[in-house]
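For reference, the structure is listed below as structure tokens.
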Amino acid sequence: MSSLGPRRFSVVVVGFSPADRTVVASAFALSQRRTYQYVLHDDHPRRPDLYLADADDLLAIVKLDALKPTPTHPALLIGGESHGLSWPRVERPVRWLPLLEALDNMVEGGSGAREAYGERARSSWPFIDRRSRVRLDIDLNAAPE
């Protein structure tokens with residue numbers, strides 16, 4: 001567990017049937033009792049922390065591509081095929097435990113962000129400087145430190 005206590009991550013959900021969205025919402029509600037907490041991203045101007053997309057819905061894949069997930073703002077696919085995308089994937093049916101475990105692994109591993117972006121970004125992925133506890137805005141176009 002983190003010494004900073006619970007950490008909250010906003011997630012954009014792309015695609016999914018109403019039934020699948022109910023499972024995702026239930027999983028996020030269960031996560032509120034855990035170290036890593038997930039919430040649906042509101043329309044706040046700040047970029048979401050994570051993306052969750054229905055890999056079996058081609059329109060969702062197109063929308064995900066338009067949202068431009070990055071190593072510091074990764075995506076998780078749920079479905080039978082990854083369509084050539086390099087993001088982690090969880091098989092169907094949508095179940096809360098595999099979903100939360102996959103999201104936790106993305107957050108803990110940083111999906112390559114720790115290696116790609118220097119010490120300031122690595123101090124506590126994603127985007128939290130432990131010394132000042134301020135969210136960092138990382139310029140993905142800048143060269144790594």
Side-chain angles (χ1 to χ4, degrees), residues 1-2 4-130 135-145:
M1 280 195 174
S2 171
L4 296 177
R7 293 173 50 198
R8 183 169 283 205
F9 301 94
S10 66
V11 183
V12 165
V13 177
V14 183
F16 296 103
S17 69
D20 287 343
R21 283 184 172 266
T22 300
V23 173
V24 169
S26 297
F28 287 2
L30 287 170
S31 78
Q32 301 311 299
R33 301 180 200 173
R34 304 168 73 240
T35 299
Y36 299 131
Q37 300 173 353
Y38 304 100
V39 296
L40 290 175
H41 183 71
D42 55 19
D43 289 325
H44 191 276
R46 188 173 65 202
R47 187 169 189 174
D49 299 313
L50 306 165
Y51 297 91
L52 180 64
D54 184 350
D56 296 331
D57 178 354
L58 291 179
L59 183 56
I61 296 298
V62 170
K63 288 180 182 178
L64 177 66
D65 187 54
L67 292 170
K68 305 275 188 243
T70 66
T72 58
H73 298 82
L76 176 65
L77 304 174
I78 294 184
E81 188 175 330
S82 62
H83 301 285
L85 300 174
S86 61
W87 301 114
R89 186 176 52 85
V90 174
E91 293 286 333
R92 283 206 182 282
V94 179
R95 294 185 311 259
W96 65 268
L97 184 59
L99 172 62
L100 292 178
E101 286 176 343
L103 290 170
D104 291 351
N105 288 337
M106 287 174 55
V107 168
E108 289 171 355
S111 294
R114 292 177 193 231
E115 292 78 23
Y117 303 98
E119 169 58 33
R120 192 161 183 229
R122 284 195 317 259
S123 63
S124 182
W125 190 91
F127 341 111
I128 308 250
D129 183 340
R130 285 186 180 162
R135 185 179 177 101
L136 302 176
D137 291 315
I138 298 171
D139 180 4
L140 296 176
N141 296 321
E145 291 177 2

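Numbers here are sequence positions counted from 1.
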Contacts of L85 that satisfy side chain to side chain contact (heavy atoms under 4.5 Å, CB included) - sequence neighbours left out
I61, L64, L77, W87
Compare every heavy atom of S31 with every heavy atom of Q37, then report the nearest pair and how far apart it is.
CG-O, 3.3 Å
Sequence neighbours excluded - salt bridge (Lys or Arg N to Asp or Glu O under 4.0 Å) pairs with any residue from residues 64-77:
none
Not counting sequence neighbours, which residues clear side-chain hydrogen bond (donor to acceptor under 3.5 Å, both in side chains) with R92? List them please.
D20, D54, D56
Contacts of E91 that satisfy salt bridge (Lys or Arg N to Asp or Glu O under 4.0 Å) - sequence neighbours left out
R89
Please report the shortest heavy-atom distance between D49 and P74, naming the atom on each side.
O-CD, 3.6 Å
Side chain to side chain contact (heavy atoms under 4.5 Å, CB included) assessment of L30 paired with W96:
CA-CA 9 Å; L30 287 170; W96 65 268; 3.7 Å; yes
Going by the rule side chain to side chain contact (heavy atoms under 4.5 Å, CB included), which residues pair with L97 if we only count those two or more places apart in sequence or in a different chain?
E101
How would you list, by chain and number, every residue that makes a side-chain hydrogen bond (donor to acceptor under 3.5 Å, both in side chains) with D104, sequence neighbours excluded?
R34, Y38
Taking side chain to side chain contact (heavy atoms under 4.5 Å, CB included) as the test, write out the residues that go with V62, two or more places apart.
none
Working to the nearest 0.5 angstrom, can you tell me the gap between F28 CZ and L52 CG?
5.5 Å
Considering only heavy atoms from C-beta outward, does the side chain of L99 approach that of V90 to under 4.5 Å?
no
Distance-minimising heavy-atom pair for L50 and M106:
CD2-CE, 4.0 Å
Residue pair P88 / A75: nearest heavy atoms and the distance that separates them:
CD-O, 3.4 Å
Listed partners of V12 passing side chain to side chain contact (heavy atoms under 4.5 Å, CB included), at least two apart:
V14, H41, P48, Y51, L67
When you measure from the side chain of S10 to the backbone of V39, do you find a donor-acceptor pair of N or O atoms at a distance under 3.5 Å?
no
